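Structure, as structure tokens:
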Amino acid sequence: MKLDEKHLTQLAAVVETGSVTEAALLLGLSQPAVSRTLSTLEKRVGEPLFKPGKRPLEPTIIGQQLAEHGRVILEASRRASETILGFRAGSVGTVRIAGVPFFMDAFISRMIGEFQVREPDIRVDQSYGNLPELGSGIVANQLDLAICPLGLVDAAKGLTFTPILPGRNIVACRVTHPLLSRRRLSTNDLIDYPWIAPLPGSPLLADLHAILLSIGMTEISIRYSGGSLLSVFNYLEETDALTVLPHSVVFAHRKDRKVTVLPVEIPQPTRTLGILRLEGRPRIPAAEKLARHISTRFDDLRQLIKRHEDAVVWGNSPP
């Protein structure tokens, strides 16, 4: 015998409320419609579903058992409705985000943690990549958001870019580096020390070449390459090596007091960190909520980073 699931859910609502009228209000139906359903279901089952003369309505044994099945369906329907409402409000769902490694480790992973404290029902899948892979991932619908730097060249056709932080590179070293004791520094002083090469494909690698050109060198001594942000910092702390990093990344680790900025001017890229999305695609509310959180946090950080830049890097204002 096959029973209509809608009939079972209406029976469950009547048993739950003890009233046909209240069950109709709960389900958004008319009272006569629910009464007809109960009559149809009783005829189908061939047994009474409620004990006669009881107020509030009291189910029979078979009525109670069928109502239990209906309650499961009704509860599943409620959860499905809540899921839809939560999805539309950006409170549930999965966000796929990727970005350039150093920024993801220095800032974005922490911001994701802050975000999920407030939005515990949103899952975030994070990965890494440079601009070519990130753009391809967005276009192929494998990513919802990408955090990357863009320069003078605009985002590829079909993509939109929301700037969140102006670019600024520095030369980083350990806090006890011999060059920090010199009263005056020039780019020529950078020649005598080993370097850490940025990750292959990283914009920082092109920036390192720009520094070499500015001091008239075609190559430098590369002692270490390809590491994560943590491994680069660990290596810097143990050696007199130098490397090129975004100033904001060093700012994010300023409280560790182990790696600092070498106060020497270097060529600066015309590049801005931002959020890359696909233009025209319906956006996932949870992804948009995370993007707003990241933008807001960088709004809060921008002035702090600028003050640190002036005070620590170039000494133009008090810390």
Side-chain angles (χ1 to χ4, degrees), residues 1-97 109-126 141-145 277-278 280-297:
M1 176 185 295
K2 180 173 176 57
L3 300 178
D4 192 324
E5 291 86 352
K6 294 180 181 178
H7 291 178
L8 294 177
T9 58
Q10 291 180 42
L11 172 62
V14 173
V15 171
E16 181 179 314
T17 61
S19 164
V20 174
T21 301
E22 291 184 21
L25 289 173
L26 178 66
L27 298 171
L29 300 172
S30 69
Q31 184 269 336
V34 175
S35 295
R36 286 194 299 271
T37 292
L38 294 180
S39 178
T40 300
L41 186 58
E42 279 193 337
K43 290 177 182 177
R44 179 73 171 154
V45 174
E47 297 286 344
L49 300 176
F50 292 92
K51 297 175 182 178
K54 296 288 186 177
R55 291 293 184 273
L57 293 174
E58 185 177 331
T60 61
I61 293 176
I62 187 63
Q64 181 65 48
Q65 291 176 341
L66 291 177
E68 291 296 331
H69 294 297
R71 187 175 290 112
V72 172
I73 301 170
L74 186 61
E75 185 58 32
S77 177
R78 286 171 178 165
R79 288 198 299 268
S81 297
E82 290 170 358
T83 297
I84 293 171
L85 292 174
F87 178 83
R88 289 174 177 170
S91 298
V92 297
T94 299
V95 181
R96 302 162 302 173
I97 183 172
S109 57
R110 181 178 296 274
M111 291 178 182
I112 291 172
E114 296 168 348
F115 175 74
Q116 288 186 306
V117 168
R118 299 204 310 261
E119 301 290 346
D121 295 325
I122 295 177
R123 170 176 167 168
V124 177
D125 293 341
Q126 181 198 305
N141 196 26
Q142 296 169 342
L143 294 173
D144 303 305
L145 304 171
R277 302 179 181 89
L278 188 66
R281 178 196 296 164
R283 293 178 176 177
I284 297 174
E288 289 306 292
K289 186 176 281 189
L290 176 57
R292 287 194 299 271
H293 172 75
I294 292 172
S295 295
T296 299
R297 290 293 289 116

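On a predicted model such as this, the values are computed, not experimentally measured, just so you know.
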Hey, mind stepping through Ile97 and Ile112 against side chain to side chain contact (heavy atoms under 4.5 Å, CB included) and telling me if it holds?
CA-CA 10 Å; Ile97 183 172; Ile112 291 172; 4.1 Å; yes
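- The distance from the CG atom of Leu41 to the CD atom of Gln10 is 9.5 Å, given to the nearest 0.5 Å.
- Within the 3.5 Å criterion, the main-chain N or O of Ala291 finds a donor-acceptor partner in the side chain of Ser295.
- Rounded to the nearest 0.5 Å, atoms OG1 (Thr296) and CD (Glu114) are 11.0 Å apart.
- Between Glu119 and Arg292 no salt bridge is recorded (no basic side-chain N to carboxylate O distance below 4.0 Å).
- Applying the 6.0 Å contact sphere to CZ of Arg283 captures more than 12 heavy atoms from other residues, nucleotides or ligands.
- Side-chain contact check for His7 versus Leu66: every heavy-atom pair is 4.5 Å or farther apart.
- In this structure, CD in Glu42 is found 10.0 Å from OG1 in Thr40, a value given to the nearest 0.5 Å.
- Nearest heavy-atom pair across Asn141 and Arg96 is O-NH1, 2.7 Å.
- Here the side chain of Thr60 pairs a donor or acceptor atom with the backbone of Pro48 at under 3.5 angstrom.
- Rounded to the nearest 0.5 Å, atoms CG (Leu74) and CG (Leu11) are 10.5 Å apart.
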Determine whether Thr37 and Leu29 satisfy the following criterion, side chain to side chain contact (heavy atoms under 4.5 Å, CB included), listing intermediate values before the conclusion.
CA-CA 11 Å; Thr37 292; Leu29 300 172; over 6 Å; no
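- Between Leu8 and Leu3, the shortest heavy-atom contact is CD2-CD1, 4.1 Å.
- Between Ser35 and Gln31, the side chains place a donor N or O and an acceptor N or O closer than 3.5 Å (distance only, hydrogens not considered).
- When all heavy atoms are compared, the tightest approach of Pro56 to Gly18 is CB-O, 3.4 Å.
- Counting all heavy atoms, side chain and backbone alike, Thr94 lies closest to Asp144 at O-OD2, 3.9 Å.
- Pairs of residues two or more places apart, or lying in two chains, that qualify as salt bridge (charged side-chain N to carboxylate O under 4.0 Å, His left out) and include a residue from residues 47-56 are Lys51-Glu58.
- For the residue pair Val14 and Leu57, the shortest heavy atom distance occurs at CG1-CD1, 3.6 Å.
- Within a 6.0 Å radius of NZ in Lys289, other residues, nucleotides and ligands contribute more than 12 heavy atoms.
- Without hydrogens or angle criteria, His293 side chain to Met111 main chain gives a donor-acceptor distance under 3.5 Å.
- Of all heavy-atom pairs spanning Ala286 and Val92, the tightest one is CB-O, 3.8 Å.
- The distance from the CD atom of Gln64 to the CG atom of Leu49 is 11.5 Å, given to the nearest 0.5 Å.
- A side chain to side chain contact (heavy atoms under 4.5 Å, CB included) with Leu26 is found for exactly one of Val34, Thr21, Thr17, namely Thr17.
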